[in-house]
Amino acid sequence: MSKALPSPSPARELLLRVVALSGCLGAGEQAVAQTSPLSPAPAKAAPGQAVSALPPALQSAQGRVEIQGPDGTWRAQTVPTEVTTRLRVETGRAMLQAGRLGQVVAGSASELRRYLGEADLLSGRFFLRGPVAVHVAGHHVVMDGAGQLRVDLSANEKRVAVIAGRLRIALKGRSIELRAGQQIALDSGRVSAFREADPWYDAQFSGLGVAAVEATRGAVTLLARGTSRVALIGDDLQPGAALNTGPAAWAEIGFTGGGYLRLNEQSALSVISIERTSAGREVLLKLEKGTAWNVVEKGQGGYRIDTPVVSTAVRGTVFRVDAGGLVKVFDGQVALPGQPDAAVSPGQQRSPGGPLVPLQLDAVDRFNIAQDAARAQALTLSLDLPGRSLQELALSARSLPDARVTLTVAGQTVPLNGENGLFRLERLKDSLPEGQYSVRVRAQRYGQTLTRTQTITVDRTPPRLSELSVERVGRVLTLGGVVSDAGDSRIDLSVTVGGQTYTRTVETQGGGSFVWSLPLPSPDAPVSLTLRDGAGNQSYARLP
């Protein structure tokens with residue numbers, strides 16, 4: 001956890017800020033603003049008035065936004081308040097006032113602090129509207145007039161880019177001016193062209209998205225809130241959670257709105273944030289090691305995965321990225337943020353610092369292509385119950401061989417063991433009491449789910465016979481009576497007369513009464529009666 005920094009006194013804070021500004025603004029320099037379709041008409045501070053005359057203050061919060069108190073404790077914040085120490089966004093957006101007219105939008109996984117009376121951007125990504133003055137990774141940035149800029153601060157990307165207007169930045173002992181369509185790398189000071197292809201700030205945040213484990217093979221572990229355990233299908237990956245795969249293992253993660261990532265063997269991936277937005281969803285991931293195969297559905301918003309070497313940003317494509325920086329594109333196009341001329345197109349691959357070359361398939365690519373084909377199979381599920389009335393619950397189901405099939409009844413869920421697509425439940429560990437139950441069988445596979453539901457009755461009570469009448473007249477035997485049963489509406493009657501057996505079915509819903517005439521081989525021939533319900537319960541009677 002970051003420690004709270006003491007705030008300077010107002011007088012000292014103003015003095016330090018004036019000194020910092022002097023390193024960026026030359027005496028007599030005039031503020032220059034440039035209008036564009038993205039920006040409103042230039043707005044200027046009053047003569048003699050500093051751009052950032054007011055300290056940074058939170059205007060509104062969407063999602064999880066926290067402010068650090070004087071005691072160092074982070075607390076969720078939703079109402080406007082002045083930032084006196086630090087502010088961070090877990091997943092969502094924070095809108096801050098910077099100076100009298102400026103605005104700072106902090107994205108997910110971003111952090112800033114108050115320093116010299118201004119916002120000091122520490123990590124994450126930010127969108128700013130001028131006029132504004134801020135610190136960025138130790139450098140002072142001033143936009144005197146109207147304009148727009150973005151700041152990206154990650155492990156392998158630290159840049160300030162101008163979308164509209166102009167700004168000055170104090171870097172490496174000199175003041176550098178940037179205009180719209182330019183960016184500067186903070187580590188090297190290199191100025192290059194910039195094209196805004198990912199306007200995430202224009203997408204309205206509407207809530208948290210979901211990343212869930214959809215399939216695993218081999219040893220896959222989930223690290224969440226400091227605890228490590230085996231990853232299970234259906235696990236939600238909250239921001240900060242991490243997946244690790246062992247040798248010959250892999251895991252698939254599905255995202256809100258569609259698309260998935262397959263984490264290959266001996267790889268590690270952490271979820272930074274997932275947002276639901278008006279443009280679909282914004283996914284931000286970090287690949288610590290190994291390889292990730294990504295299938296991003298078109299029209300679902302932004303998707304970005306960072307590695308220790310390279311960052312990739314896409315909006316609909318199929319690509320592979322390795323933690324070492326190798327990028328291979330099979331469909332769509334992958335942009336490398338901060339490198340406007342370094343996009344990788346279908347059928348191309350690029351290694352860190354290397355040129356674009358034709359795609360060269362290896363064993364990892366072939367494995368993932370084969371897995372994609374297997375994943376594309378439509379899920380099926382059929383259910384076979386021996387009857388609607390049972391003494392003990394037993395059933396079988398058919399689905400694809402690699403599906404996960406579970407049964408839920410009476411509040412308990414149990415997995416069904418399968419072989420070659422046939423899944424069976426021979427018997428529950430704990431027998432169900434007699435009564436009626438809803439049985440639900442669910443098949444899950446790569447994010448697809450099918451469910452079949454059926455009502456059954458558990459019945460262990462034999463059918464009953466009442467008001468029995470037996471009449472022997474010559475060679476005719478006439479039987480009559482009333483049958484009933486706790487769980488079945490159809491009762492099978494079986495009568496054996498002198499070694500000959502006769503059967504019939506009686507419907508209990510109509511009252512269950514019956515009259516039955518049978519041939520009698522001799523006046524004293526022995527007669528027995530058996531009643532059997534749908535669950536297999538039987539009762540017997542030897543007739544006079």
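All values below were derived from every heavy atom in this structure, side-chain atoms included, with hydrogens, water molecules and symmetry-related copies excluded.
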Yes or no on side chain to side chain contact (heavy atoms under 4.5 Å, CB included) for L326 and V309, after CA distance, side-chain angles and deciding distance? CA-CA 9 Å; L326 173 65; V309 178; over 6 Å; no
Using the rule given for side chain to side chain contact (heavy atoms under 4.5 Å, CB included), can you reason through V213 versus L232, listing the C-alpha separation, both sets of side-chain angles and the distance that settles it, and then say yes or no? CA-CA 7 Å; V213 177; L232 303 174; over 6 Å; no
Would you sort out whether V344 and F319 count as a side chain to side chain contact (heavy atoms under 4.5 Å, CB included), showing the intermediate values? CA-CA 10 Å; V344 186; F319 73 102; over 6 Å; no
Pair E282, S273 - check side chain to side chain donor-acceptor pair (under 3.5 Å), show working. CA-CA 8 Å; E282 295 284 336; S273 69; over 6 Å; no
Show, in sequence, the C-alpha distance, side-chain angles and deciding distance for R113 and Q68, and conclude whether the side chain to side chain contact (heavy atoms under 4.5 Å, CB included) test is met. CA-CA 9 Å; R113 66 170 179 167; Q68 190 181 53; over 6 Å; no
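For the pair R375 and E214, the salt-bridge criterion is met [side-chain N within less than 4.0 Å of a carboxylate O]. The pair R398-D384 does not meet the salt-bridge criterion, since no charged nitrogen lies less than 4.0 angstrom from a carboxylate oxygen. Comment: R88 engages E66 in a salt bridge, judged by a side-chain N to carboxylate O separation of less than 4.0 angstrom.
Between E426 and A394, the shortest heavy-atom distance links the atoms O-CB, 3.5 Å. In terms of heavy atoms, A137 sits closest to L153 at CB-CD2, 4.3 Å. Nearest heavy-atom pair, A292 versus L261, reported as atom, atom and distance to 0.1 Å: CB-CD1, 3.9 Å. Across all non-hydrogen atoms, the minimal contact from D71 to T73 is OD1-N, 3.0 Å. Here the closest non-hydrogen pair linking A397 and L381 is CB-CD1, 4.1 Å. In terms of heavy atoms, L243 sits closest to L263 at O-CD2, 3.7 Å.
Side-chain N or O atoms of R445 include none that pairs as donor or acceptor with a backbone N or O of L379 at under 3.5 Å. Judged by distance alone, with hydrogens and angles left aside, the side-chain atoms of S110 form a donor-acceptor pair with the main-chain N or O of R125 at under 3.5 Å. Within the 3.5 Å criterion, the main-chain N or O of P463 finds a donor-acceptor partner in the side chain of S539. Judged purely by atom type and a 3.5 angstrom limit, D152 has no side-chain atom pairing as donor or acceptor with the backbone of E157. At distances below 3.5 Å, not a single donor-acceptor pair connects side-chain atoms of D236 with backbone N or O atoms of Q238. Between the S270 side chain and the G240 main chain, no donor and acceptor come within less than 3.5 Å of each other. Remark: side-chain polar atoms of S108 are paired, donor with acceptor, to backbone N or O of G92 under 3.5 angstrom. Within the 3.5 Å criterion, the main-chain N or O of T380 finds a donor-acceptor partner in the side chain of S399. Not one N or O on the side chain of T85 forms a donor-acceptor pair closer than 3.5 Å with the backbone of P70. Side chain of R281 to backbone of Q300: a donor-acceptor contact under 3.5 angstrom is found.
Here the options are W250, Y260, F330, the test is ring-ring contact (aromatic ring centres under 6.0 Å, His included), and the partner is W293; only F330 passes. Screening L465, T496, V497 for a side-chain contact (heavy atoms from CB on, under 4.5 Å) involving L529 leaves a single residue, L465. A side chain to side chain donor-acceptor pair (under 3.5 Å) with N264 is found for exactly one of N368, D322, T245, T291, namely N368.
Within the 4.5 Å cutoff, side-chain heavy atoms of V65 are placed close to those of L87. Residues V334 and V321 are not in side-chain contact: their nearest non-hydrogen atoms beyond the backbone lie 4.5 Å or more apart. Using a 4.5 Å heavy-atom cutoff, the side chains of I274 and L237 are not in contact. Here the side chains of R304 and S311 are in contact, with some heavy-atom distance below 4.5 Å. Using a 4.5 Å heavy-atom threshold, the side chains of V310 and P352 count as separate. Residues F367 and R262 are in side-chain contact: their nearest non-hydrogen atoms beyond the backbone lie under 4.5 Å apart. Considering only heavy atoms from C-beta on, D533 stays 4.5 Å or farther from T461 through its side chain. For the pair M95/Q62, a side-chain contact is recorded, criterion being any heavy-atom separation below 4.5 Å from C-beta on.
Residues satisfying the ring-ring contact (aromatic ring centres under 6.0 Å, His included) test with F126, not counting sequence neighbours, are none.
Within a 6.0 Å radius of CZ in R229, other residues, nucleotides and ligands contribute more than 12 heavy atoms. The number of heavy atoms from other shown groups lying within 6.0 Å of CZ (R424) does not exceed 12. Counted within 6.0 Å of NZ on K158, heavy atoms from surrounding residues, nucleotides or ligands total more than 12; the atom is thus considered enclosed.
The distance from atom CD of Q349 to atom CG of D362, rounded to the nearest 0.5 Å, is 8.0 Å. Here the CD-CD distance, from Q348 to Q360, works out to 12.0 Å after rounding to the nearest 0.5 Å. Note: L479 CG to L493 CG = 8.5 Å, rounded to the nearest 0.5 Å. Once rounded to the nearest 0.5 Å, the distance linking CD1 of I491 with CG of L531 reads 7.0 Å. From L432, atom CG reaches atom OH of Y437 across 5.0 Å, with rounding to the nearest 0.5 Å. To the nearest 0.5 angstrom, D306 atom CG is 7.0 Å from T312 atom OG1.
In this model, no donor atom of one side chain and acceptor atom of the other lie less than 3.5 Å apart for T91 and E275.
Ring-plane geometry between Y303 and F255 is classed as perpendicular, the angle between the planes exceeding 60 degrees on a 0 to 90 degree scale with a lower cut at 30.
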Name each donor-acceptor pair under 3.5 Å that joins a side chain in residues 505-512 to protein atoms two or more places apart or in another chain, with its distance.
unit_1: T505; atom_1: OG1; unit_2: D492; atom_2: OD1; d: 2.9
unit_1: E507; atom_1: OE2; unit_2: R490; atom_2: NH1; d: 2.5
unit_1: T508; atom_1: OG1; unit_2: D488; atom_2: O; d: 3.4
unit_1: T508; atom_1: OG1; unit_2: S489; atom_2: O; d: 3.3

Sequence neighbours left out, cut at 3.5 Å: what donor-acceptor pairs do the side chains of residues 403-410 make with other protein atoms?
unit_1: R404; atom_1: NH1; unit_2: Q444; atom_2: OE1; d: 2.9
unit_1: T408; atom_1: OG1; unit_2: T413; atom_2: OG1; d: 2.8

